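Working notes for the structure below.
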Amino acid sequence: MDKLLRLIGQRLGLGLLTLLVVSVLIFSAVELLPGDLAEAVLGQAATEETVAAMREQLGLDRSAPVRYLEWLSGAVVGDFGNSLISGERVSDAISERFSNTLMLAAYAAVIAVPISILLGIMVALLRNTLFDRVANVMTLTSISSPEFFLGYILILYFSVKTGWFPAIASQMGDTSLGDYLYRTFLPALALVLVVTAHMMRMTRAAIINLLASPYIEMARLKGVSPLKVIVKHALPNAWAPIINVVALNLAYLITGVVLVEVVFVYPGIGQLLVDAVAKRDFAIVQACCLIFAATFILLNLAADVGSILTNPRLRHPK
Amino acid sequence: MTHCKPLDLSRRNFLSASAAGAALATGILPSQLRAAPKRGGTFRIARGHGQTTDTLNPAIYENGFMAGLSYGYNGFLTGVAIDGSVEPQLAESWEASADAKVWRFKLRAGTTFHSGRPITVEDVIASIEYHRGEGSTSVVKPTLEPIESIGADGNTVVFTLFSGSADFPFTLTDLHLSIIPASGDGVDWRSGDGAGPYKIVEFKPGISVTLERFANDWDSGRGFFDRIECLSVIDLNARTTALISGDVHAIDKLDLKTVGLMARRPDLNIHSVAGNQHYSFAMSTIKDPYSDRNVRLALKHAIDREEMVEKILFGYGSVGNDHPIGRGQQFFNTELAQTAYDPDKAKFHLKEAGLDSLSVQLSAADAAFSGAVDAAVLFQNSAKAAGIDLGVNRVPNDGYWSDAWMKDPFSAVYWSGRPVEDAMFTIAYAAGAEWNDSFWDNARFNELLVAARAELDTDKRREMYWEMQAILNQDGGAIIPMFANYVFATGPDIVTSEPFASNWEMDGERWMERWSFA
C-alpha cells in the first residue's frame with residue numbers, strides 16, 4: 001500500500017510539472033496567433049489609436065515573458081487572474097460552465113459505462129451470434145459518425161418529428177433535477193452513442209482474449225456455466241484494460257464535447273474556450289486548458305491505480 | 001406547444017380576416033387597428049450572435065446580440081423611428097444654432113434609471129464623454145470626433161461641434177451611446193443599470209440574457225412583453241429547429257439556402273427587410289494598379305452583380321452601384337445609371353489604362369461577410385471574360401480585420417450601413433477617415449461632404465448627396481456589388497412592426513420594445 005501511495009505522490013508531482021509545461025505551450029500558442037486581444041475585441045472598428053490605448057490599459061504592450069511570469073506568479077498561489085475583456089474573475093467565469101460540463105459528462109457516463117460493460121460481457125458471451133454482429137454494427141456506426149451529425153439525427157427524430165424532447169438544452173433560470181435531466185437528455189444520449197462502442201469493444205476483446213487461457217478451459221471442464229466463466233473467472237483479469245479505456249472516454253466526455261455543446265446549445269466549458277481563443281483572452285484560455293490537462297492527468301492516474309488495485313500481482317509484489 | 005393545425009381558421013387568422021373585412025367596410029386602415037398591442041407574456045428568441053466574451057461595456061458592444069440588448073435595456077438621447085427619421089427619447093426636444101454647430105438637447109423630466117436613480121445632465125455628459133478623449137478604447141470614438149465640447153445648461157445638454165452638422169441628432173442614436181449612471185470620473189457600466197424599456201434580470205455572456213419590463217419607463221407606448229429571454233444560439237441548425245419545435249418565438253440570421261423550405265410551414269412568418277447593410281470589395285487607391293481610375297472602372301464592369309445577388313444572397317438582396325447608400329434612404333440617387341456586367345467595357349477601360357491584361361489578388365474570408373469567398377470566386381469567373389486574371393487569396397477568418405482588411409490592397413468588406421448619408425460617407429469615404437478602406441481622397445467629394453453636412457436646405461442637400469454618389473460610382477475605390485436584406489423569422493402569434501424599421505437588423509434592433517403577442 002505504501003508503494004501505491006508513493007506512486008500516487010510521484011505521479012501528482014509529475015502532473016504538476018506537466019501542467020507547467022502545458023501552460024508555457026498554451027501561452028506561446030496564443031502569442032503565435034495573428035492579432036492580439038485589442039485587435040480581436042475592436043474588430044472591424046479598430047483604429048490605431050484605440051488599439052494602442054487598449055493595449056496600454058490591459059498591459060499588453062509589455063513583453064511576452066513578463067506577462068507570462070506575472071500570470072505564473074499569481075497562478076502558483078491559486079490566483080488565475082481576471083478575464084482581460086470583462087474583468088470578471090477567471091474562477092467566476094469558469095466555475096458555472098465547468099460544473100455544467102461535469103454534470104453532462106456525469107449524466108452520459110452514468111448511462112454509458114454500465115451499458116457498455118454489460119453489452120461487452122453479453123457480446124463476449126454470445127460472440128459470433130447475430131446479437132454480437134448487430135451490437136457491433138450499431139455501436140461502430142455510432143462511433144464512426146461525427147457527433148454533431150448524431151446530434152442532428154437525434155434532434156430530427158426526437159424533437160422535430162415527435163416533440164418528445166426539447167431541441168435546445170440551454171437552461172433558463174433555476175430548474176429542478178428532473179427538468180435538467182429531461183432537457184439535457186438528447187445531448188447526453190449523443191455522447192453515450194459516441195463513447196459506448198469504444199468501451200464495449202474493449203470489454204469484449206479483453207474478455208475474449210482471456211477465454212483462450214488454460215485456467216478458463218479448466219473452469220469450463222469442471223462444468224462452470226458460460227456466464228459464470230466470464231463474470232467470475234475472465235472479468236477480474238480483464239479489468240485493467242477496461243478501466244484504462246473507461247478513463248480515456250471519461251476524459252473525452254469532459255474535454256471533447258464542444259461540438260455537442262454547440263449543436264444542443266448547452267453552455268459548457270468548450271464554447272467558453274473557443275470564444276476565449278477567438279478573442280485571445282489569455283487568462284481564460286490558460287485556465288480552461290489547465291483544467292483539461294489536469295483532467296487527463298488525474299483520470300490516467302486513476303486508471304493506473306485502478307488497474308493496480310484489481311491485479312493481485314501488482315497489489316502484492318514480491 | 002402543439003403542432004396540430006387542422007384548418008387555417010385559427011383564432012388569430014379568423015380575427016385578422018374579419019378585421020380586414022371590417023377595415024374595408026369602414027375605411028379604417030389596418031395599421032390603426034394594430035394601435036394597441038396586447039401586453040404580457042414571456043418572449044423567447046434565439047440570436048445567431050453572442051460570445052462568452054461579451055460584456056456590458058458600451059465601448060465594445062460588437063454583435064447583434066449586444067445590439068438588441070443595448071437598445072432593450074439602455075436609454076438613448078435620440079432614436080431612429082420606424083420610418084427612418086430621428087425621434088426623441090431621453091431628450092425631449094432639441095434645437096440647433098443657425099450654422100448647425102451648437103446643438104441643445106433638452107432632457108425629459110422625471111426619467112430614472114432602473115435602480116430608481118434620476119437621470120441627470122451629468123449622467124448624460126459622462127456617458128458620451130466615456131467614448132471620447134485620450135484613453136478611450138471605444139469603437140465609436142471616430143464617430144464622435146466632430147464634437148468639440150459637451151456642456152450643461154440647466155436641464156439641457158449642449159454639444160458644440162467643430163463644424164456644422166445637420167444630422168447630428170442621428171449620431172446619438174448609435175447603440176454604443178447609451179446613457180448610463182455616472183460614477184466618479186467615468187461611468188458605471190458594470191452594474192447593468194440602464195434606462196431602457198427593459199431591465200436586466202440576469203446576463204450570462206454567450207448564453208442568454210433575461211429581462212423584465214421596466215414598470216416606470218417614461219414611454220408607456222412601448223415594451224409589451226412582461227419578460228424576454230434572449231438566447232445566443234450560434235449553430236444555424238439548432239436555431240432553426242428551436243423555432244420549428246416551438247422552443248423560441250423568433251430567430252434571426254436564417255439559412256438563406258433553406259428559407260424556401262421553412263416558408264412552407266404556415267405558422268412561421270419569414271421577414272425579409274431591405275436595409276443599408278452592404279458588402280464591398282475595397283481597392284486601395286494609393287497602391288498600383290488600383291490608383292488608376294480606369295483599372296477601378298474595369299473591375300467594376302467585370303463583376304456580375306445580378307449573379308451575386310442570386311447565388312450569394314439567394315435573392316434576398318439587391319444589386320449595389322458602388323456607393324453605400326441604400327434604396328430606402330432619404331437621399332438615394334434614383335437617377336444614377338446602374339453599373340452593369342460588361343466585359344467589353346471592362347476591356348475598354350483596361351486599354352485606357354494602357355494595359356492588355358490585368359492580374360490582381362483579392363483577399364477574402366467568410367469573416368468579412370457570409371459567402372465572401374464564394375463571391376470572390378464568382379468575381380474571378382466573371383472577370384475572366386474581361387481578360388482580368390483575378391486570384392482569390394483565401395485568408396483565415398481569425399484576425400481578418402486586423403491582418404487583411406486595409407492591409408491587403410484588395411479585400412472583401414462588410415458594412416452595416418448608417419441611417420444617414422453623412423455618417424456613412426464620413427466614416428468610410430472621407431479623406432483620412434480611420435475606416436476609409438479604399439484610402440480614397442477625392443477633392444470634390446470631400447468638399448461636398450463638408451458643405452452638405454452643414455446645409456439645412458433639403459433640396460440643396462439632395463443635389464450634393466446625389467453628386468457624391470455619382471462620384472463614388474465613377475471614381476470610388478470600393479466595388480459594392482450587393483445590398484443584403486435582413487432576413488429573420490417569427491413563430492405563431494407574434495405581432496411585429498409593419499413595416500419594419502430598415503436601419504438595422506431585427507426591426508432596427510428595437511424588437512424588444514416594438515413586438516408583442518397577438
Side-chain angles (χ1 to χ4, degrees), chain A residues 33-58 83-88 93 96-97 148 151-152 155-156 159-160 163 165-168 170-173 259 261-265 267 271-281 284, chain B residues 1-3 42 44 46 50-57 59-60 62-63 134-142 190 201-202 204-208 210 229 231-235 237-248 367-368 396-403 405 413-415 434-435:
Chain A
L33 289 173
D36 67 355
L37 181 130
E39 284 170 343
V41 168
L42 296 170
Q44 190 179 5
T47 66
E48 266 174 46
E49 226 178 313
T50 47
V51 166
M54 187 175 271
R55 279 191 188 135
E56 199 193 319
Q57 283 169 24
L58 296 173
S83 157
L84 292 175
I85 297 170
S86 65
E88 199 185 358
E96 192 188 340
R97 292 273 189 142
F148 63 86
Y152 287 150
I155 288 178
L156 178 64
S159 180
V160 176
F165 293 97
I168 51 178
S170 197
Q171 308 282 307
M172 298 300 304
L259 288 178
E261 283 176 15
V262 169
V263 168
F264 291 99
V265 201
Q271 191 59 46
L272 177 70
L273 176 62
V274 171
D275 285 351
V277 170
K279 285 285 181 288
R280 317 279 184 269
D281 195 340
I284 300 260
Chain B
M1 182 66 53
T2 165
H3 297 287
T42 297
R44 289 175 61 122
Q51 293 174 316
T52 42
T53 45
D54 288 339
T55 89
L56 294 179
N57 181 354
I60 53 174
E62 64 160 343
N63 52 46
E134 283 282 300
S136 162
T137 57
S138 173
V139 295
V140 285
K141 188 179 177 191
R190 283 174 203 278
V201 177
E202 189 179 27
K204 295 193 211 161
I207 305 175
S208 63
T210 310
E229 295 176 351
L231 302 167
S232 165
V233 179
I234 306 295
D235 188 66
N237 214 315
R239 209 160 57 237
T240 313
T241 341
L243 180 70
I244 290 174
S245 66
D247 280 345
V248 298
N397 280 333
D398 225 22
Y400 181 79
W401 298 113
S402 51
D403 299 332
W405 183 56
V413 196
Y414 161 85
W415 284 104
E434 295 275 9
W435 300 317

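Everything quoted here is computed from the prediction, not taken from an experiment. All chains are named by letter (A, B, ...) in the order of the sequence lines, taking the proteins before the strands, and each is independently numbered beginning at 1. Only heavy atoms go into these numbers, but all of them, side chains included; no hydrogens, no water, no symmetry mates.
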If I take atom [atom1] from residue [X] and atom [atom2] from residue [Y], how far apart are they, to the nearest 0.5 angstrom?
| X | Y | atom1 | atom2 | value |
| --- | --- | --- | --- | --- |
| Arg97(A) | Thr52(B) | CZ | OG1 | 5.5 Å |
| Ile244(B) | Ser159(A) | CD1 | OG | 10.0 Å |
| Gln271(A) | Ser232(B) | CD | OG | 7.5 Å |
| Lys204(B) | Glu96(A) | NZ | CD | 5.0 Å |
| Ser245(B) | Ile168(A) | OG | CD1 | 7.0 Å |

Non-hydrogen atoms of chain A under 4.5 Å away: do they reach the side chain of [X], the backbone, both or neither?
| X | value |
| --- | --- |
| Val413(B) | side chain |
| Asp403(B) | side chain |
| Tyr414(B) | both |
| Val140(B) | neither |
| Arg190(B) | side chain |
| Pro205(B) | backbone |
| Thr137(B) | both |

Which atom pair, heavy atoms only, marks the closest approach of [X] to [Y]?
| X | Y | answer |
| --- | --- | --- |
| Ser136(B) | Thr50(A) | O-CG2, 3.6 Å |
| Ile60(B) | Met54(A) | CG2-CE, 3.9 Å |
| Pro267(A) | Ile207(B) | CB-CD1, 3.2 Å |

Top of Ala52(A), Ala276(A), Ala53(A) for chain B proximity - count of heavy-atom pairs under 4.5 angstrom: Ala53(A)
Which one wins on heavy-atom pair count under 4.5 Å against chain A: [options]?
| options | answer |
| --- | --- |
| Pro396(B), Ala367(B), Ala238(B), Ala59(B) | Ala238(B) |
| Val248(B), Val139(B), Ile234(B) | Val139(B) |
| Asp235(B), Thr55(B), Val233(B), Val201(B) | Asp235(B) |

Candidates Leu272(A), Val274(A), Asp275(A) - the one meeting side chain to side chain contact (heavy atoms under 4.5 Å, CB included) with Gln51(B): Asp275(A)
Asn237(B) (side chain) donor-acceptor with Tyr152(A) (main chain) under 3.5 angstrom: no
